[in-house]
Protein chains: 2
Amino acid sequence: VDASFECLDYEKIQDELTNEEAKKYGLSVKLALAFQRNIVIFLTAISTGLCVASIDFVEHNCLYFRFDFLKNQFENYFGRPDMYFLLFSYWLMLTLAPAMIAGLLTVFIEPASAGGGIPGIIGFLNGVNVPKIASLKILIVKIVGTMFMLMAVLTTGKEGPIMHLGVILGASMPFMHIPFTNIRFFRLLQYNRERRDMASVGIASGVSAAFITPIAGVIMALEECVSYCSAKLTARILLGSVITSFSSAFLISLMMRNCIGCVLNKELLFLTVHNSFKYLDYYIQEIPMFILTGIIGGVTGSIWNCLELEISYLRQRFFKKKLYKLIDLGVLTTISAISSFIIMLSITECHGGDSHKHLPENFQMYCPKGEVPTVGLFFFQNDISLMNTLISEEGKIGVIPLLALFVYYFVFTAAFMGASISGGVFLPNLITGAIWGRLFAELLQELFPDRTKWCHPQKYAFLAAAAHLCGASRICLSLGCIMLESSGKAIFGLPIFVVIITTKFVADMFTHPIYHAECLLRGMPLLEKTPPPYCSWIPVRNIMNKNVVALPKVTTIRAIWAVLNRTNHNGFPVVDPSRTSTEDGIASYGQLLGLVLRRRLMIIVKNKLYRGQQFEDSLKIIRNQFASVMEVFSAQDNQIIGEEGRETIDLGPFMHVSPIFVQMGTSFTSAYALMAGLGMRHLLVVNNSNEVVGVVTRKDIAVHKSETTCCTVESKVVPLV
Amino acid sequence: VDASFECLDYEKIQDELTNEEAKKYGLSVKLALAFQRNIVIFLTAISTGLCVASIDFVEHNCLYFRFDFLKNQFENYFGRPDMYFLLFSYWLMLTLAPAMIAGLLTVFIEPASAGGGIPGIIGFLNGVNVPKIASLKILIVKIVGTMFMLMAVLTTGKEGPIMHLGVILGASMPFMHIPFTNIRFFRLLQYNRERRDMASVGIASGVSAAFITPIAGVIMALEECVSYCSAKLTARILLGSVITSFSSAFLISLMMRNCIGCVLNKELLFLTVHNSFKYLDYYIQEIPMFILTGIIGGVTGSIWNCLELEISYLRQRFFKKKLYKLIDLGVLTTISAISSFIIMLSITECHGGDSHKHLPENFQMYCPKGEVPTVGLFFFQNDISLMNTLISEEGKIGVIPLLALFVYYFVFTAAFMGASISGGVFLPNLITGAIWGRLFAELLQELFPDRTKWCHPQKYAFLAAAAHLCGASRICLSLGCIMLESSGKAIFGLPIFVVIITTKFVADMFTHPIYHAECLLRGMPLLEKTPPPYCSWIPVRNIMNKNVVALPKVTTIRAIWAVLNRTNHNGFPVVDPSRTSTEDGIASYGQLLGLVLRRRLMIIVKNKLYRGQQFEDSLKIIRNQFASVMEVFSAQDNQIIGEEGRETIDLGPFMHVSPIFVQMGTSFTSAYALMAGLGMRHLLVVNNSNEVVGVVTRKDIAVHKSETTCCTVESKVVPLV
């Protein structure tokens with residue numbers, strides 16, 4: 001666990017000021033809160049929809065030119081080995097150039113925008129203060145980077161980045177203000193708790209915009225946020241998800257079909273399953289095949305996970321410098337381009353099916369009229385169209401091309417996942433699965449030649465796509481929903497969930513889910529909902545930090561200033577230092593009176609709120625400066641405090657009067673349940689006389705991990721470094 | 001709030017015995033737990049599927065004879081007013097007889113099986129020990145009662161009872177044992193926490209079986225259980241839901257279509273939307289119409305709620321005796337039969353559409369060949385077929401018959417909801433909505449005669465069905481999922497959620513959700529996830545119970561026996577009585593050492609576990625007797641204890657060593673967040689010296705309710721009676 005990660009505090013602060021506010025303005029605060037929340041949800045949803053529609057628009061138009069140009073070159077030069085170098089130069093250039101632009105943006109402008117961003121989202125929603133989750137810079141870099149990534153046509157998808165965009169928008173919307181001023185619109189939503197809720201709305205919006213699936217968006221949010229979700233928050237998430245789906249569908253229709261007012265018709269479905277429904281009927285005899293698909297998915301997903309983690313680990317170890325990261329990306333892109341070029345040239349199968357409407361017109365090369373080269377299906381349409389070809393094409397796709405494509409996707413999705421480019425693995429993994437699903441169906445048809453009634457390659461491609469992604473990511477419910485909702489075929493629910501459940505069960509025996517493994521690799525202090533086993537006899541006494549910085553209730557400015565400068569703690573217990581004792585050899589810091597947070601102390605000291613201002617003034621200052629206050633003092637502050645440092649301050653009105661605390665003898669398990677259940681960042685520990693003796697932070701308990709495999713279960717402590 | 005309701009305790013007990021067990025047998029306990037859980041999920045799912053399939057089978061066959069017989073009578077006697085009395089007698093008898101049998105079962109054998117059962121489920125999952133949630137008797141009465149209810153063809157649905165069946169099966173499966181012995185199969189799952197989890201699996205199974213919608217089942221469970229759900233539990237719920245869908249679809253195919261091995265095809269879909277897709281396209285101009293549908297749904301749902309609650313209130317006040325309840329049901333059924341008979345005779349419209357495949361063959365009466373009487377559609381098919389007629393019939397259904405049917409359904413669904421018969425309001429409310437949806441579309445067609453392109457009565461029937469039910473029940477996400485998944489048309493997601501969100505917003509301004517209102521009417525101590533407002537300045541001191549019964553750590557059997565006989569408390573703090581003090585005028589009971597539960601004390605005293613048995617023996621006895629131990633002593637016990645009462649007992653090894661507690665000065669809000677967040681039944685209160693001064697029970701905090709309407713927000717205390 002990386003000690004540099006800070007955590008978020010979701011506990012509600014109850015101090016005299018907020019109590020006073022509730023008493024005086026209860027109703028208006030409540031109404032303002034509801035109003036601001038709805039506005040923020042609305043803005044998040046609409047802006048997510050807009051981002052997605054613009055990315056789609058740019059992708060659509062640029063790829064059109066790319067494919068058209070390359071098609072012409074291939075038509076001209078195919079069969080003339082002397083021109084292959086020129087051909088390859090075009091091929092490489094059109095791949096490498098946009099990829100390197102995306103890489104440059106990521107490496108030099110905003111390294112936090114690399115990858116799909118889902119590990120960061122998981123961390124943030126779990127309570128880890130992932131750096132730069134909410135800034136304008138990452139937003140812009142992410143959008144532009146994703147556009148360039150798409151132009152390069154690599155084995156990376158835009159779905160992860162879109163979810164990330166939703167979360168960035170949701171988490172940063174509450175901080176919206178008029179630039180260069182301190183005029184903020186959503187003052188009541190600046191707290192971590194509200195931002196977390198808005199980030200949940202954001203993740204739902206992201207999924208909903210990426211796949212135009214409102215339900216799957218909500219379910220993804222519920223799966224990730226289930227530890228704190230309430231019925232009211234669910235309703236808010238649903239609202240955001242529906243508005244996003246509507247707005248993105250509307251904008252995409254408008255931009256790409258010039259249809260004003262259209263919202264959704266079948267053609268906007270993300271996954272286009274063939275409408276002839278016949279392969280959606282199924283029989284109980286097929287269940288073993290579904291289970292087998294699930295098992296294979298669990299195995300391939302696990303192998304893919306191991307490969308990816310190995311690459312990530314190497315990358316984290318050796319490619320630390322910015323330049324190295326860029327070279328890493330360049331080399332990888334080049335190898336990928338070489339591989340795809342070799343596949344393009346060496347496989348000359350033709351395909352007579354009907355699913356080449358997304359290919360450039362008159363794309364024929366060496367094929368007879370009415371047919372297209374199979375490799376054209378692979379590299380001359382974008383990833384969504386490729387996915388749709390795999391799951392809906394009635395015609396046969398040869399085994400050799402499928403095998404080549406499988407190796408290409410399997411290796412390069414894993415290689416690109418940790419590279420310095422904004423791109424995810426959601427759709428690429430679905431494609432990998434769909435490829436082996438078709439291969440699996442071919443094998444079945446060989447084995448049971450009389451079973452053509454049920455053994456449709458499309459069906460198994462559809463199921464295997466879900467199986468492979470589930471094996472890698474262990475996303476279950478929301479993955480199933482995305483598949484069903486985006487194909488519009490809810491009737492397919494049973495087989496897909498049989499596959500997903502089997503896969504999860506199998507894959508859980510071998511590896512961690514990829515996103516969680518990535519979080520752990522980065523050292524995020526994640527908390528599971530349930531405490532690790534074998535810890536109920538460890539008393540809190542053994543794990544707490546004993547060097548607490550406690551503040552007396554009445555103190556001087558200078559003392560507070562010194563404490564704030566000296567430490568970087570986030571919360572300070574307020575104590576009565578006249579009552580101390582020593583128990584079990586542990587000296588106490590004084591009787592517990594309350595808890596005061598760093599940010600609030602900074603505001604108090606900077607604005608001299610201790611001088612007995614009016615309640616309204618104090619409240620206004622605290623609200624206004626909450627987000628903008630710096631965490632350290634400037635030189636100017638230091639000077640002022642140096643002059644006025646002898647003034648006394650009573651922390652009574654500013655402290656959280658009813659913090660949750662436990663006793664030294666309380667078990668680790670109870671403390672864990674408390675902190676994970678209530679989303680706390682620090683838990684105070686007192687002795688038998690209610691005197692503060694220590695504090696347990698989130699990181700202290702997050703180092704205890706449960707380790708479960710198929711035949712062992714244990715609890716281990718990972719070091720905090 | 002009714003003081004007679006007991007609550008459930010979901011806190012994990014950590015005592016020396018369980019610690020010892022974890023140390024010695026950690027892995028095997030973990031594996032056994034996983035194994036037992038999966039077996040129980042499997043049994044729950046399969047048995048729910050079996051119950052549903054048998055109910056469907058009986059309904060299908062009995063209704064066939066009923067409709068066929070009545071059809072012949074109507075064909076013979078229609079137009080001959082002298083025979084109308086005989087006709088009416090047949091009509092009434094075939095309605096009243098099964099209804100009264102169902103009523104007799106409910107009233108005299110198991111009153112807890114009345115109604116749909118959803119309020120009871122909500123209470124149980126929230127932590128209220130609803131009586132008889134798990135017994136064989138209620139299971140059988142519920143199944144048989146539901147069958148007879150269905151034969152009577154009233155405005156009651158079988159969906160609520162099926163969900164209830166799922167929960168009964170889930171919650172009682174852990175207690176499964178060989179009859180008349182104490183040999184139990186699932187000893188590790190007998191605790192409240194595990195039973196709650198299994199009940200969540202049960203509710204998902206119920207929904208999943210009733211509508212054959214695996215995702216909607218999971219979502220219903222998540223919506224109801226969101227306050228304690230974890231990712232692992234979600235996976236288990238999903239497993240249960242999928243197995244149920246599979247097994248019920250398989251059994252229904254087998255029983256009703258004689259198709260061995262069939263699982264699911266389009267014809268098993270619960271809602272049959274016309275496949276011509278054309279009315280599933282929609283434009284942004286239609287959004288105002290969707291919003292209008294939502295608003296109307298909010299208003300009609302709220303009015304229906306008020307009507308229902310008024311009737312429930314009267315019923316609760318005046319019909320307390322069993323005989324009265326039966327008369328109530330009889331009179332209601334008779335009035336309902338008279339009304340439907342009048343509609344049958346007075347409306348003589350004919351219908352030329354194609355949706356009469358569920359009517360008895362050759363049903364014609366006064367209509368020309370190829371047409372059927374419109375009223376036949378209403379009363380000569382079961383409720384699911386009626387619903388499907390309303391949402392898929394292309395032909396016009398007249399305004400007058402629709403209006404008559406609307407009044408009939410609106411009034412009688414409300415009247416039957418609280419009656420002593422096993423039947424819910426889920427499908428009847430959908431039908432009510434679908435009826436006014438068709439009426440609304442007729443009105444729109446009058447207003448915009450050129451808009452026939454979008455204004456399809458089927459579409460508005462579909463949307464209005466969701467709107468009306470959402471207005472009444474405020475179920476959002478799962479209702480939308482049920483509608484989408486059971487119709488197989490996931491593409492319809494956006495309009496349906498626009499409608500549902502609008503409805504929820506509108507209806508929340510007027511009334512409580514019907515199921516929660518029913519819970520409150522029954523006086524269940526429900527806890528919301530968020531604390532009521534304006535309570536953060538109330539210290540726990542003001543609301544705690546001061547008369548705690550504390551036990552010293554070392555005491556005599558006689559003392560424990562006396563305490564157990566005298567009080568009915570569920571938990572007793574274990575204290576060191578030598579350390580007491582008085583603070584703020586409140587005397588303490590001694591320093592807090594732990595907490596011991598009543599059930600465990602009973603086992604210890606009865607089995608003389610204080611005599612220093614082997615750890616294995618004690619553990620075995622505690623596990624074996626956990627579920628079967630009586631809560632009071634028998635005369636024999638009393639005698640034995642009278643003889644041996646002087647022996648001393650050390651409660652140390654048996655107590656929960658790390659109970660959560662708060663201080664007297666802790667705010668109500670913090671205590672509420674703790675108890676609701678961790679599912680606690682009692683929270684100990686200590687003074688500054690860590691000495692027990694009181695206890696806060698769930699009921700103490702459940703009496704504080706938040707009261708929010710459109711323009712006020714306040715917190716009130718309802719009396720505990």
Side-chain angles (χ1 to χ4, degrees), chain A residues 14 19 22 26-27 30 214-215 218 222-223 226 229-231 234-235 238-239 242 245-246 250 261-266 281-285 476-477 481 484-485 488 490-491 493-494 497-498 501 504 529-530 533-534 536-537 657-658 660 666-667 669-670 673-674 677-678 688-690 712-713, chain B residues 14 19 22 26-27 30 214-215 218 222-223 226 229-231 234-235 238-239 242 245-246 250 261-266 281-285 476-477 481 484-485 488 490-491 493-494 497-498 501 504 529-530 533-534 536-537 657-658 660 666-667 669-670 673-674 677-678 688-690 712-713:
Chain A
Q14 302 151 25
N19 283 355
L27 179 61
K30 181 124 185 160
I215 305 177
V218 182
L222 282 182
E223 266 195 314
V226 83
C229 210
S230 65
T234 311
L238 179 61
L239 178 66
V242 170
S245 273
F246 243 115
F250 173 67
C262 289
V263 174
L264 188 64
N265 50 26
K266 270 178 295 170
D281 275 355
Y282 41 89
Y283 297 86
I284 205 156
Q285 301 93 304
C476 293
L477 195 55
C481 277
L484 295 182
E485 216 186 344
I491 195 174
L494 285 179
F497 280 114
V498 170
I501 289 173
K504 181 175 162 55
K529 176 111 182 179
T530 37
Y534 307 136
S536 57
W537 48 83
V657 287
S658 138
I660 304 286
T666 303
S667 70
T669 309
S670 293
L674 256 180
L678 303 183
N688 253 331
S689 317
N690 198 29
T712 61
V713 50
Chain B
Q14 303 151 25
N19 284 353
L27 179 60
K30 181 121 185 164
I215 306 178
V218 181
L222 282 182
E223 265 195 314
V226 83
C229 210
S230 65
T234 310
L238 178 63
L239 177 66
V242 170
S245 273
F246 243 115
F250 173 69
C262 290
V263 174
L264 186 65
N265 50 25
K266 269 178 294 171
D281 276 354
Y282 42 87
Y283 297 86
I284 206 157
Q285 301 93 306
C476 293
L477 194 56
C481 276
L484 295 182
E485 218 186 343
I491 194 175
L494 286 178
F497 279 114
V498 170
I501 289 173
K504 182 174 161 58
K529 176 108 180 180
T530 38
Y534 306 135
S536 57
W537 47 84
V657 287
S658 139
I660 303 286
T666 302
S667 70
T669 309
S670 293
L674 257 181
L678 303 182
N688 253 332
S689 318
N690 198 29
T712 60
V713 49

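When reading the values below, keep in mind they use all heavy atoms of this one structure, side chains included, and skip hydrogens, waters and symmetry mates.
Rounding to the nearest 0.5 angstrom, the gap separating the CG atom in A:Leu477 from the CG atom in B:Leu222 is 6.5 Å. The distance from the CG atom of B:Leu239 to the CD1 atom of A:Ile501 is 4.5 Å, given to the nearest 0.5 Å. Distance check, rounded to the nearest 0.5 Å: CD1 of A:Ile215 to CD1 of B:Ile215 gives 7.0 Å. Within the model, atoms CG of A:Leu674 and CD1 of B:Ile660 stand 4.0 Å from one another, a figure rounded to the nearest 0.5 Å.
Of the atoms belonging to B:Val218, it is side-chain heavy atoms, and not backbone ones, that fall under 4.5 Å from chain A. Both the backbone and the side chain of A:Leu238 come within contact range of chain B, judged by heavy atoms closer than 4.5 Å.
Under the side chain to side chain donor-acceptor pair (under 3.5 Å) criterion, A:Asn19 pairs with B:Ser536, sequence neighbours left out. For B:Ser658, the side chain to side chain donor-acceptor pair (under 3.5 Å) partners are A:Ser667, A:Ser670, not counting sequence neighbours.
Ranked by heavy-atom pairs under 4.5 Å with chain A, the list B:Val498, B:Leu678, B:Asn688, B:Thr669 is led by B:Asn688.
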